[in-house]
Amino acid sequence: MADQAATPLGIATRKPFGLWRHLNKLRWLTLGAVMAMLILIPYLHLYQTYRAAHAYDLLASSEKQIYDAMEFVTDPFVSNPAEDLDAIKGNTWSGTFWGLKISDPLAVLGQSVAGRLIHWPFAITALIPLIVTLLFGRVFCGWICPATFIYELNSSLAAWLRWAGINPTILPAHWHFDRRLKYLVLAVGLVLSSVSGASLVAGIYPPAIIGRELYYAVALGGFGVGSAIFFGTLLFDLLVARRGFCRYICPGGALYSLIGRYRLLRIRRIVETCNDCEKCTAVCEFELNPMRDNFGQECNNCTACIAICPTDALTFAIRPVDVPEQGPGHLGRNYRNNIPNGGE
């Protein structure tokens, strides 16, 4: 994962694999692709319905536009849209992709608790996300969740407002919620789901909300109450706390954090090449502290800290726990001022 290099102090260290710092760009492409897929699937479903009904001449002009556009998109790939388009169904809550059924672990947990029964064929569909989370941690939140795509744009809006001299945050900078609040939300949501017989956690889970609302907007021509709930999460992030919903409330984030607590792939600071610039800590959407080796189970391996590090002092390591705090970076002022001869 790394090559040998030497610092200005003459200390041999390991240089991160060069492509690591570009993974954040790939992450954005992945998030964009997932969002595009969630928009495309409802249109494909409409087109499939139109084809199955042989109703082109009966369609309204707007529906004919959808038909023609989807026919243009799918024609190179499918010969029988009425059947072949069944290969892709669902969203990030639960879906089928070319015969492979994949579900969010929260979907399986919520439905199982609500029905007070584990339906094993459904439970197995969460196996791939579970394995991925155990290996790579909370990567669904950072790399796949469509809400992340919107939340990070929301963070950019907040940063632009601050640059323009407008501080949208209404709470003092030193005031924070307890991160454990989201575990309480998850627990209460599951208890209420069990009592009511409905998977209530889906009602406040942003990926599920976005999938539903996009389908309602495209297939039914309007939005449901979920759009208001999601808009409320955007306001919470903008006015109360940066990425506050993900950090403090999201039941799915709580579940993924618990599963990925002992993930194998972790971001690790290379203390010998760290200059304590704090850019990694400033860019972290979850207000972790990479500069002091503080990642923990909240880290979603988004690699934003790796991408911004000017000295390539962050890399990936395979280990079940974080490296204990290593102290000041060896290229930083605090370290150099406390070694003999200033490091010469």
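Here, residue 1 is the first one in the sequence, and each next residue gets the next number. Reckoned from all heavy atoms, side chains included, excluding hydrogens, waters and symmetry mates. Small disclaimer: the values here were computed from a predicted structure and weren't measured.
No donor-acceptor distance shorter than 3.5 angstrom exists from the side chain of Asn300 to the backbone of Val139, with no hydrogens or angles considered. Without hydrogens or angle criteria, Glu298 side chain to Phe286 main chain gives no donor-acceptor distance under 3.5 Å. With hydrogens and angles ignored, the 3.5 Å screen pairs no side-chain donor or acceptor of Arg247 with any backbone N or O of Gly253.
Met35 and Leu29 end up in different hydrophobic clusters when Ile, Leu, Val, Met, Phe, Trp and Tyr side chains are linked at under 4.5 Å. Placement of Phe136 and Phe316 within a single hydrophobic cluster is found when ILVMFWY residues are connected by side-chain heavy-atom separations under 4.5 Å, directly or transitively. In the hydrophobic clustering of this structure, Ile88 groups with Tyr50; members are Ile, Leu, Val, Met, Phe, Trp, Tyr whose side-chain heavy atoms approach within less than 4.5 Å, directly or through other members.
No close placement of the Phe231 and Phe223 rings is indicated, their centers lying 6.0 Å or farther apart. Checked against the 6.0 Å centroid criterion, the rings of Phe230 and Tyr151 qualify as a close aromatic pair.
Here the closest heavy-atom approach between residue Ser257 and residue Arg138 is recorded as OG-NH1, 3.2 Å. Taking each heavy atom of Pro105 and Ile259 in turn, the nearest pair found is CB-CD1, 4.5 Å. Residues Asp293 and Val323 share a closest heavy-atom pair of CB-O, 3.7 Å. Taking each heavy atom of Ile270 and Asp312 in turn, the nearest pair found is CD1-O, 4.0 Å. When all heavy atoms are compared, the tightest approach of Arg243 to Thr148 is NH2-OG1, 3.5 Å. What you find for Leu85 and Thr74 is that their closest heavy atoms are CD2-CG2, 4.1 Å.
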Asp178/Tyr183 under side chain to side chain donor-acceptor pair (under 3.5 Å): CA gap, chis, key distance, verdict: CA-CA 10 Å; Asp178 192 318; Tyr183 303 111; over 6 Å; no
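Put simply, CZ on Phe140 and OH on Tyr256 are 4.5 Å apart, with the number rounded to the nearest 0.5 Å. Atoms CD and SG, from Glu285 and Cys141 in turn, are 12.5 Å apart once rounded to the nearest 0.5 Å. Separating the OG1 atom in Thr303 from the CD1 atom in Ile267 is a distance of 6.5 Å, to the nearest 0.5 Å. Rounding to the nearest 0.5 Å gives a distance of 8.5 Å between CH2 of Trp143 and CG of Leu31. Here the straight-line distance linking atom CD of Gln111 with atom CG of Leu106 works out to 10.0 Å at 0.5 Å rounding. Here SG of Cys309 is found 7.0 Å from CG of Asn275. Values are rounded to the nearest 0.5 Å.
One finds a salt bridge joining Glu152 and Arg27 here, because a Lys/Arg side-chain nitrogen approaches an Asp/Glu carboxylate oxygen to under 4.0 Å. With respect to Asp276 and Arg292, a salt bridge is recorded, a charged nitrogen being found less than 4.0 Å from a carboxylate O.
Side-chain contact between Leu38 and Ile210 is present, with at least one heavy-atom pair separated by less than 4.5 Å.
Each of Thr96, Thr92, Thr125 was compared with Ser103 under the side-chain hydrogen bond (donor to acceptor under 3.5 Å, both in side chains) criterion, and only Thr125 meets it.
Within a 6.0 Å sphere centred on CZ of Arg162, heavy atoms belonging to other residues, nucleotides or ligands number more than 12.
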